[in-house]
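What follows is a set of notes on a single structure, which appears directly below.
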Amino acid sequence: METVWIQSLPNYVEQTVTIHGWVHQKRSSGKILFLQLRDGTGFIQGVVAKDEISEEMFDVVNSLTQETSLYVTGVVRADERAPSGVELSIINVDVVHLTHDYPITPKAHGVDFLMDHRHLWIRAPRQRAILKIRAEIIKAIRAFLDSHDFTQVDPPILTPSSCEGTTNLFHTKYFDEDAYLTQSGQLYMESAAMALGRVYSFGPTFRAEKSKTRRHLIEFWMIEPEMAFVTHEESIQIQEALIQAIVSHVLSTCKLELHTLGRDLTKLQKVLEPFARITYDEAITFLQQTGQEITWGEDFGSPHETAIAEHFDRPVFVEKYPASIKAFYMKPDPTREEVVLCADLLAPEGYGEIIGGSQRIDDADLLQERFSQHDLSESDYAWYLDLRRYGSVPHSGFGLGLERTVAWICGLEHVRETITFPRLLYRLYP
RNA sequence: UCCUCGAUAGCUCAGCGGUAGAGCAUCCGGCUGUUAACCGGAGGGUCGUAGGUUCGAAUCCUACUCGGGGAGCCA
């Protein structure tokens, strides 16, 4: 008997096949039973009618419980009533493990309960769809970068000090020295770009901030491309192409999953180049005109970002922030020294900043000046300064937040569902 | 750290000063097309913890614990 994946069952109509999987749900109507079966690749309904099967086998099926693991053999039938177009007329069931009292019932549950059972929650159709889309997003990112002459480079996770010196880092010991979990691999990636031209890192990032919002995780994944001989403007064009490639890949490969999530596809179909652009100056004027209290020189808060993003139906770049509110390594605009060549990409529908990028300072003297302005120890950054002393070139890079991107594309309320086991404020279990 | 909301059955919640409730889940019975199936019945509780007010507290007050949403910070 051929064992097949549920997702390929439409190709086996009127054939007898075996599925290895679990009982997602059971419904009984007396002399006819319906099993919702899953195997990781999809869902299918199995049907057993009392007058079409032995009494013994009918009783076996009747005794099955939610999340029991089993081997099911049956005939694939085309049926208009089935969401996937096919059903399985069950011939035989071999129970692998009978489950008792599965905690997550088909009714409503609260977030805390579900998070405590995250190891089981991920079996749910909605969670499966999200994790599947996350994987396709990752695939699209890699495919895009790998085919655009980028080389993947892995920066360290244990670092001697802060990268940007702003947020709180997780502290640990490195034998007798102090060490911190990485907050960004960017500085290392700048070094790698001078060695390999165009590089990207793809790994976890840690922020010991007591952030407790739908947009924050303590541990999250970031893609950080860094490109030698690439200007701010060229970097923005690469970012646009990357985001568009991600969205179109998901639209073409994850139709069922997006449907499971109830995502409005028309919103995603609008994600086409060129994206909207607005300068920091224009954004300030816009916010002031819409009655928000903000003055030039202040950074945007979340409500400001949302107001800007909601003004556009596609992602929007906010460019050229004041140098005083941005990281020390950003290159000043040559035509206007008080702003830097940077851009944040705000996702539509209030999902916030998904990319932060800039052209980096390539002049050793200016960088040293920034070290003292930001009270950074020059000895800690000696190696970083070296990059400006030996064949310095104009270069740019950006960081793409994976979970925020997944939340936006999936249309989720919260980033905690975009990763298998989210690390949240006060939650380290399971 | 601050603001705000919450904690009652396995789960989701109602009850807001006078004998602890419902739906779902579980168990028993019924139903040949169910899609969070439906119908009938049964079992199931230290009302987050500790104090206080009161004849009487799940209900009012105080503190603490745990959690949700948000601010700041950022992806």
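Labels below follow one simple rule: chain letters A, B, ... track the order of the sequence lines, proteins then strands, and each chain is numbered from 1.
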Kindly point out which of [options] is positioned nearest to the side chain of [X]?
| X | options | answer |
| --- | --- | --- |
| A/I32 | B/U26, B/G72, B/G33 | B/G33 |
| A/K31 | B/G67, B/U32, B/G72 | B/U32 |
| A/P106 | B/U12, B/A36, B/G33 | B/A36 |
| A/F113 | B/G72, B/U12, B/C73 | B/U12 |
| A/Y426 | B/G33, B/G67, B/C74 | B/G67 |
| A/R404 | B/C74, B/G69, B/U32 | B/C74 |
| A/K212 | B/G68, B/U12, B/C31 | B/G68 |
| A/M222 | B/G33, B/A36, B/A75 | B/A75 |
| A/R81 | B/C31, B/G33, B/A71 | B/G33 |

Using the [atom1] atom on both, measure [N] against [M] and round to a whole Å.
| N | M | atom1 | value |
| --- | --- | --- | --- |
| B/G43 | B/C27 | C1' | 8 Å |
| B/G52 | B/A58 | P | 15 Å |
| B/G29 | B/U19 | P | 37 Å |
| B/G40 | B/A25 | P | 13 Å |
| B/G30 | B/G10 | C1' | 26 Å |
| B/G48 | B/C28 | P | 33 Å |
| B/U26 | B/C11 | C1' | 12 Å |
| B/A14 | B/C73 | P | 35 Å |

Quiz item: Rounded to whole angstroms, how far apart are CD1 on A/I354 and P on B/A75?
Solution: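 Going from CD1 in A/I354 over to P in B/A75 covers 12 Å.
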
Quiz prompt | d(CH2, A/W121; P, B/U12) in whole Å | solution = 12 Å

Is [X] near enough to [N] that one of its side-chain N or O atoms lies under 4.0 angstrom from OP1 or OP2?
| X | N | answer |
| --- | --- | --- |
| A/K107 | B/A25 | no |
| A/H414 | B/G69 | yes |
| A/R416 | B/G69 | yes |

Quiz item: Do we see A/F220 stacking on the base of B/A75, given a limit of 5.5 Å between centres and 30° between planes?
Solution: yes

Applying a 4.0 Å non-hydrogen cut-off, can you work out what [X] is touching in the nucleic acid: base, sugar-phosphate, or nothing?
| X | value |
| --- | --- |
| A/D344 | nothing |
| A/G301 | sugar-phosphate |
| A/S302 | base |
| A/R427 | nothing |
| A/L217 | base |
| A/F34 | base |
| A/E403 | nothing |
| A/S211 | base |
| A/E413 | nothing |
| A/T405 | nothing |

Quiz item: Is there a donor on the side chain of A/H109 or the base of B/C11 sitting less than 3.5 Å from an acceptor on the other?
Solution: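 Counting by modelled atom types and ignoring angles, no donor-acceptor contact under 3.5 Å is found here.
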
Practice problem: For A/D281 and A/W296, test the side chains for any donor-to-acceptor distance below 3.5 angstrom and give the result as yes or no. | Solution: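 Yes, A/W296 and A/D281 have a side-chain donor paired with an acceptor closer than 3.5 Å.
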
Quiz item: Under 4.5 Å between any side-chain heavy atoms of A/I133 and A/L261, yes or no?
Solution: yes

Quiz item: Is any side-chain heavy atom of A/L402 less than 4.5 Å from a side-chain heavy atom of A/M222?
Solution: no

Self-check item: Qualifying residues under salt bridge (Lys or Arg N to Asp or Glu O under 4.0 Å), relative to A/D116, sequence neighbours excluded
Solution: A/R427

Quiz item: Does the pair A/R198/A/D149 count as a salt bridge with the N-to-O cut at 4.0 Å?
Solution: no

Quiz prompt | salt bridge (charged side-chain N to carboxylate O under 4.0 Å, His left out) partner of A/E403, chosen from A/R416, A/R134, A/R423 | solution =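 The residue from A/R416, A/R134, A/R423 that satisfies salt bridge (charged side-chain N to carboxylate O under 4.0 Å, His left out) with A/E403 turns out to be A/R134.
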
Self-check item: Centroid-centroid distance, A/F113 to A/W121, less than 6.0 Å
Solution: no

